[in-house]
Amino acid sequence: MDRAARHAHEPRSSADVVGEHSQYRLDLERVRFSPYFSRLSAVTQVIGQPGAGPLIHNRLTHSIKVTAVARAIAVKMTDAASPTRDFALAHGCDAVVVQAAASAHDLGHPPFGHLGERVLDRLARDTLGLPDGFEGNAQTYRIVTTLDVSEVAPRGLNLTAAVRSAVAKYPWTRHVDVAALGDGPLPRGFRRTDRGVEVLKFSAYGIDAADLSEAREGHPPLRQSLECSIMDIADDIAYSIHDVDDFHRAGLLGQGAVAREFRGWIESSLQLRDLDDEELARRSAPPGSALEALRRKLHASDPWIAGDEAFRAAVGVVADDLVDGLLASPFDGSIAAERALSSFTNRWIDHLQSSVVPAPAGVARAGLVTLDERAWHEVEILKFVHRHFILDRSDIVMYQRGLSRVITRAVKGLTAWLRDEDDRDRVPLRLRELVEIATDGYAQLRTTRPDGVPVPEASEVRALGVGRGVVDYVASLSDDQALAVSEAIDGRPDRLWDIGQNL
């Protein structure tokens, strides 16, 4: 059987397992030796290293730690003494597949983290006319199957179906048949609005839909593989802890503000329940209002697990360990401060990765595994800390608005260059190649016609190829390369030679 067609969920003999394990090891090595993987060291996780120091997480260090957490979960689930062993083996759980997927899961993140993702999606749809826009998870899948290179395949890394399926956190396209979802709870990645169901997250563009379908043959629709579910929950665990690590190290998490919010909710939760949503959102709202808004959101989005007692307990645990513990002493770079931070991080990682359990059957919002009730609420509280106290800061938002213009200049400038009949032959070779790959993909789409995917007219193929090629190109840049390209294409020579020959 072709290695690219191997499925982890298929029954296997002992000899099959040994042979496939070695195939998965090749997959892991191909991901880790990829230039797209190396590039992650120069891509923002949440806050950039130049302003916060070299010890702040980037996408590479985050991916390495997600891989470690994911492997620990997979090994524990398949341990001979584990009560989850039969469950894990029945659904296919190879620790190396999990490692490969975890290593690859952020390959598609563009410059400047989630900000770059949002800006590229807007530009792809509104400016370049790409019906499925941009999505970091779909870009990851496109990289491993089409854009990256291997000595054994004309395009892509020639990964096994098991690993490709494990990479697909949202195993559908933007054009999935939302009518089939019905009126019940929606999987993560979808949102119900007044206009119907909106697809927020997906793991393949239309031109890569056929490959995703082949990789997931035999898996239930809209359901992650077990190996993917383990990778996904490891990602959640890692960034909920490492973001707190980064912000404390950078001096951005003030103990006073965080303590005021937590104590406000602990002391006044009953009174806060009497406020309506609009009152909670006001700037003059009392301390604890943001946590109360989170409690209501969890009940609305995840009633299958959200509970008031578990929420209160999680607020108390995080208040004790983070607010009154770690944040009580500012990070000063001393050995004592490093030890306190390391102790906090290791303690929480060990606790959370040992709290992974099979999910209840029939829950649309959960993968095949989830965190137990206690740990699930704790992770939601930890993620709240960085969202509320960091991402909404005016100084960070101001900086991000500037970075959005960097991405916009690069996309619009390169697109105009490709459309300039007098000068388009001098665009970077890599960009021309990506345009040709994308154009071929849209041309093939007219033949393969995957279910639900819009098929372009013949007259649209070249324009779509240009648009997707530009997006593929800009998304593959590091933060510094994106800044250099944007300034050079805007006529500013200050960083001209920083661009290098890799473009």
Any Lys/Arg nitrogen of [X] or [Y] sitting under 4.0 Å from an Asp/Glu carboxylate oxygen of the other?
X: Glu135; Y: Arg174; result: no
X: Arg426; Y: Asp423; result: yes
X: Glu460; Y: Arg446; result: no
X: Arg249; Y: Asp332; result: no

Would a 4.5 Å heavy-atom cut-off, applied to side chains only, mark [X] and [Y] as touching?
X: Phe190; Y: Glu198; value: no
X: Phe87; Y: Val369; value: yes
X: Val43; Y: Asn58; value: no
X: Arg223; Y: Leu368; value: yes
X: His175; Y: Val199; value: no
X: Arg432; Y: Arg424; value: no
X: Ile407; Y: Lys412; value: no
X: Leu414; Y: Val427; value: no

Show your working on side-chain hydrogen bond (donor to acceptor under 3.5 Å, both in side chains) between Ser478 and Asp480 and close with a plain yes or no. CA-CA 5 Å; Ser478 68; Asp480 280 349; 5.8 Å; no
Walk me through whether Asp235 and His62 qualify under side-chain hydrogen bond (donor to acceptor under 3.5 Å, both in side chains). CA-CA 9 Å; Asp235 187 23; His62 166 73; 2.8 Å; yes
Check: [X] side chain, [Y] main-chain N or O, donor-acceptor pair, under 3.5 Å:
X: Arg164; Y: Leu159; value: yes
X: Ser165; Y: Ala162; value: no
X: Thr127; Y: Ala124; value: no
X: Gln224; Y: Lys169; value: yes
X: Thr345; Y: Leu341; value: yes
X: Asp479; Y: Pro111; value: no
X: Thr173; Y: Gly206; value: no
X: Ser354; Y: Asp350; value: yes
X: Glu227; Y: Ala166; value: no
X: Thr408; Y: Ser404; value: yes

Test log, rule salt bridge (charged side-chain N to carboxylate O under 4.0 Å, His left out), inputs Asp232 and Arg188: CA-CA 12 Å; Asp232 193 7; Arg188 290 182 305 120; 2.5 Å; yes
To the nearest 0.5 Å, what is the distance between [atom1] on [X] and [atom2] on [Y]?
X: Ile207; Y: Asp132; atom1: CD1; atom2: CG; answer: 7.5 Å
X: Glu380; Y: Glu378; atom1: CD; atom2: CD; answer: 11.5 Å
X: Arg216; Y: Ser225; atom1: CZ; atom2: OG; answer: 7.0 Å
X: Ile437; Y: Arg468; atom1: CD1; atom2: CZ; answer: 13.0 Å
X: Arg401; Y: Met398; atom1: CZ; atom2: CE; answer: 9.5 Å
X: Tyr141; Y: Leu107; atom1: OH; atom2: CG; answer: 13.5 Å

Start with the C-alpha gap between Tyr442 and Arg462, add the side-chain angles, then the distance that decides, and say whether side chain to side chain contact (heavy atoms under 4.5 Å, CB included) holds. CA-CA 8 Å; Tyr442 284 109; Arg462 182 61 184 178; over 6 Å; no
Between the side chains of Asp106 and His109, is a donor N or O closer than 3.5 angstrom to an acceptor N or O?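 On atom types as modelled, these side chains qualify, holding a pair under 3.5 Å.
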Is the closest side-chain donor-acceptor distance between Asn137 and Ser203 under 3.5 Å?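 Their side chains do not contain a donor-acceptor pair, so the 3.5 Å distance test is not met.
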Verdict with reasoning, Asn346 to Ser342, per side-chain hydrogen bond (donor to acceptor under 3.5 Å, both in side chains): CA-CA 6 Å; Asn346 292 338; Ser342 176; 3.3 Å; yes
Which residue in the set Val411, Thr415, Val471 passes side chain to side chain contact (heavy atoms under 4.5 Å, CB included) when paired with Leu123?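 Only match with Leu123 under side chain to side chain contact (heavy atoms under 4.5 Å, CB included): Val411.
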If the plane angle is over 60° it's perpendicular, under 30° parallel, otherwise tilted; pick one for [X] and [Y].
X: Tyr205; Y: Phe134; value: tilted
X: Trp348; Y: Phe344; value: tilted
X: His388; Y: Phe384; value: parallel

Taking all heavy atoms of [X] and all of [Y], pick out the closest pair and write down the distance.
X: Met77; Y: Ala88; answer: O-CB, 3.9 Å
X: Arg409; Y: Ile489; answer: O-CG2, 3.8 Å
X: Met231; Y: Ala70; answer: CA-CB, 4.4 Å
X: Phe112; Y: Thr44; answer: CA-CB, 4.1 Å
X: Phe247; Y: His386; answer: CE1-CB, 3.1 Å
X: Trp172; Y: Gly189; answer: CZ2-CA, 4.4 Å

Stepwise, does the side chain to side chain contact (heavy atoms under 4.5 Å, CB included) test hold for Lys65 with His57? CA-CA 10 Å; Lys65 293 180 180 182; His57 287 87; 2.8 Å; yes
Matching residue for Arg155 among Asp148, Asp440, Thr146 - test: side chain to side chain donor-acceptor pair (under 3.5 Å):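 Going through the options one by one, the only one that passes is Asp440.
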Give the intermediate values and the outcome of side chain to side chain contact (heavy atoms under 4.5 Å, CB included) for residues Tyr239 and Val66. CA-CA 8 Å; Tyr239 86 75; Val66 171; over 6 Å; no
With side-chain hydrogen bond (donor to acceptor under 3.5 Å, both in side chains) as the criterion, how do Ser63 and Ser103 come out once you've worked through the C-alpha distance, each side chain's angles and the decisive distance to 0.1 Å? CA-CA 6 Å; Ser63 296; Ser103 296; over 6 Å; no
A quick test of your reading: do over 12 heavy atoms of other residues, nucleotides or ligands sit less than 6.0 Å from NZ of Lys383?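 Result for NZ/Lys383: enclosed.
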Got more than 12 heavy atoms from elsewhere within 6.0 Å of CG, Asp79?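 Buried by this count: over 12 neighbours within 6.0 Å.
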Side chain to side chain contact (heavy atoms under 4.5 Å, CB included), that's the test. Do Leu352 and Ile241 meet it? Break it down for me. CA-CA 10 Å; Leu352 294 175; Ile241 302 302; 4.0 Å; yes
